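The structure under discussion appears below in the form of structure tokens.
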Amino acid sequence: MKIQNYHIEYADPVRHLAEIHLIRAAVFTGGGNPEANYTNDADCRHVLARAEQGEAIGTGRLAPDGSIHGLAVIEPWRNQGVGSAMLNSLLNQARTLGLTDLKVNAPVTSAGFFQKAGFMADYDRLTGDSLSLPLTLKLLTKPPRHNTGTIPGKTAETNAIETLAQTAEACLQIIRQARRKLVLLTPDLEAGLYGQKAILEAFKAFATGNRDNLAQIILLNPVAVNGQGHGLVELAQKLPSKFIFRQPVEVEDMQYPSAFIANDRDGYLFRLDNNRYQGRWSQCAPARNRQLSEEFDRIWQRSLPSGEFRVLSL
């Protein structure tokens, strides 16, 4: 089956409840009312998977007690990584909330899916006629310092940058070394930096390198990008599932004074003043990378899809 385009977003249990209900009704067809098992939706964290055209194709939720329920993907979209992407989003929310003991009751036929994510089966609680298997996960509140994405042999050494040329070279390293994910917070896509040919080529190579690769971009002032003919916007038009843009709506976020880019291999570049190129960067600084990634996630969750790019289907 051809790989199709989709993205994962955090869902509001009130505003998006109708879409959540539709997915549950389509997937959980065992009879009765599927919503009878989800009486406390308002207290839970939810995710939705959406196709490129905006159709809701999957959902799942995280309860305050650390239990995961209702992870569901509609039939045409299964076996394309949608469930794994939603589960990863729920695990990230659990980390944000400080939850460490997670649990799920999975159908025996799909228990392997959760075990691949690190869940352990509790066979002592499995009765002979049970159709579901209890699984548990001891979640680390912070990602491991050394993981499969870390660059072997690198240390947490950081380097100063003073000029546009130095900043551009550091950005190239961050983008090229990304494994599956890039996050970028910028005032207006900074055409003098992110519009450079070499950087655009690096973004293109990243986006086309793997079907799961994704660049999330927070634009503090998306209006300023209109009419620029920015190369990164044009690239995102061609690869809309690989670039997701959001803009802040909270005053504090809209006035964020800094700019940064980070990857999933512990690399980062941070500029305290987004109007200047002075800053610091590192190919491998796990603690600082984690700090910036968590800051990005907090702003991302409070932001909305950028209306300035609707005509570009971004």
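Here the structure is a predicted model, which means the values were calculated and not measured. Numbering starts at 1 and runs along the sequence shown.
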Mind checking whether [X] and [Y] sit in one hydrophobic cluster, side chains of I, L, V, M, F, W, Y counted as touching below 4.5 Å?
{"X": "Leu272", "Y": "Phe260", "result": "yes"}
{"X": "Val104", "Y": "Met120", "result": "no"}
{"X": "Met254", "Y": "Leu184", "result": "no"}

In Å and rounded to the nearest 0.5 Å, what is the [atom1] to [atom2] distance from [X] to [Y]?
{"X": "Ile174", "Y": "Asn263", "atom1": "CD1", "atom2": "CG", "answer": "5.0 Å"}
{"X": "Lys103", "Y": "Phe114", "atom1": "NZ", "atom2": "CZ", "answer": "13.5 Å"}
{"X": "Thr186", "Y": "Leu219", "atom1": "OG1", "atom2": "CG", "answer": "6.5 Å"}
{"X": "Ser84", "Y": "Lys116", "atom1": "OG", "atom2": "NZ", "answer": "8.0 Å"}
{"X": "Leu235", "Y": "Glu201", "atom1": "CG", "atom2": "CD", "answer": "9.0 Å"}
{"X": "Asp266", "Y": "Ser293", "atom1": "CG", "atom2": "OG", "answer": "8.5 Å"}

[X]: which residues meet the ring-ring contact (aromatic ring centres under 6.0 Å, His included) condition with it, sequence neighbours left out?
{"X": "Tyr268", "value": "none"}
{"X": "Phe203", "value": "none"}
{"X": "Phe206", "value": "none"}

Pick one: which of Leu304, Leu185, Leu220 meets side chain to side chain contact (heavy atoms under 4.5 Å, CB included) with Pro248? Leu220

Please name the residue in the list His46, Gln93, His16 that meets the side chain to side chain contact (heavy atoms under 4.5 Å, CB included) test with Tyr10. Gln93

Considering all heavy atoms of both residues, which atom of [X] and which atom of [Y] are nearest to each other, and what is their separation?
{"X": "Arg211", "Y": "Gly81", "value": "NH2-N, 4.2 Å"}
{"X": "Asp212", "Y": "Lys242", "value": "N-NZ, 3.9 Å"}
{"X": "Ala170", "Y": "Leu269", "value": "CB-CD1, 3.4 Å"}
{"X": "Leu172", "Y": "Ala198", "value": "CD2-O, 3.4 Å"}
{"X": "Ala191", "Y": "His230", "value": "CA-NE2, 3.5 Å"}
{"X": "Ala236", "Y": "Phe245", "value": "CB-CE1, 3.7 Å"}

Hey, mind stepping through Gln283 and Gln177 against side chain to side chain donor-acceptor pair (under 3.5 Å) and telling me if it holds? CA-CA 8 Å; Gln283 294 184 64; Gln177 292 168 356; 2.6 Å; yes

Would Tyr256 and Asn274 satisfy side chain to side chain contact (heavy atoms under 4.5 Å, CB included), going step by step from the backbone distance to the final call? CA-CA 9 Å; Tyr256 194 83; Asn274 60 32; 5.8 Å; no

Evaluate side chain to side chain contact (heavy atoms under 4.5 Å, CB included) for Val233 paired with Leu189, printing each intermediate quantity in order. CA-CA 9 Å; Val233 172; Leu189 282 187; 3.6 Å; yes

Kindly write out the residues that satisfy side-chain hydrogen bond (donor to acceptor under 3.5 Å, both in side chains) with [X], not counting sequence neighbours, or none if the list is empty.
{"X": "Gln278", "value": "Arg276"}
{"X": "Asn92", "value": "Arg95"}
{"X": "Gln216", "value": "Lys181"}
{"X": "Ser89", "value": "none"}

Report the residues that fulfil salt bridge (charged side-chain N to carboxylate O under 4.0 Å, His left out) with [X], sequence neighbours left out, ordered by chain and then residue number.
{"X": "Asp101", "result": "Lys138"}
{"X": "Arg298", "result": "Glu295"}
{"X": "Arg302", "result": "Asp253"}
{"X": "Arg45", "result": "none"}

Looking only at atom types and distance, does a side-chain atom of [X] sit under 3.5 Å from a main-chain N or O of [Y], one as donor and one as acceptor?
{"X": "Gln166", "Y": "Glu162", "answer": "yes"}
{"X": "Asp264", "Y": "Arg179", "answer": "yes"}
{"X": "Asn289", "Y": "Gly267", "answer": "yes"}
{"X": "Arg246", "Y": "Trp300", "answer": "yes"}
{"X": "Ser110", "Y": "Ala106", "answer": "no"}
{"X": "Thr167", "Y": "Tyr277", "answer": "yes"}

Before you tell me yes or no, could you show the steps for Ile217 and Phe243 under side chain to side chain contact (heavy atoms under 4.5 Å, CB included), namely the whole-Å CA-CA distance, both residues' side-chain angles and the distance that decides it to 0.1 Å? CA-CA 7 Å; Ile217 301 173; Phe243 297 89; 4.2 Å; yes

Listed pairs under 3.5 Å, donor-acceptor, residues 60-75 side chains, sequence neighbours left out:
{"residue": "Arg61", "atom": "NE", "partner": "His69", "partner atom": "ND1", "Å": "3.2"}
{"residue": "Arg61", "atom": "NH1", "partner": "Asn40", "partner atom": "OD1", "Å": "3.2"}
{"residue": "Arg61", "atom": "NH1", "partner": "Asp41", "partner atom": "OD1", "Å": "2.8"}
{"residue": "Arg61", "atom": "NH2", "partner": "Asn40", "partner atom": "OD1", "Å": "2.8"}
{"residue": "Arg61", "atom": "NH2", "partner": "His69", "partner atom": "ND1", "Å": "3.4"}
{"residue": "Asp65", "atom": "OD1", "partner": "Ser67", "partner atom": "N", "Å": "3.0"}
{"residue": "Asp65", "atom": "OD1", "partner": "Ser67", "partner atom": "OG", "Å": "2.6"}
{"residue": "Ser67", "atom": "OG", "partner": "His69", "partner atom": "NE2", "Å": "3.1"}
{"residue": "Glu75", "atom": "OE1", "partner": "Arg78", "partner atom": "NH1", "Å": "2.7"}

Is the shortest side-chain heavy-atom distance between Leu193 and Leu164 below 4.5 Å? yes

Do the side chains of Leu90 and Val47 get nearer than 4.5 Å, heavy atoms only? yes

May I ask you to say whether Arg50 pairs ionically with Glu19, meaning some side-chain N is under 4.0 Å from a carboxylate O? yes

Salt bridge (Lys or Arg N to Asp or Glu O under 4.0 Å) between Glu190 and Arg271, intermediate numbers included: CA-CA 13 Å; Glu190 304 173 82; Arg271 293 147 48 210; 2.6 Å; yes

Full working for side chain to side chain contact (heavy atoms under 4.5 Å, CB included) between Leu182 and Ile175: CA-CA 7 Å; Leu182 280 167; Ile175 298 167; 3.9 Å; yes

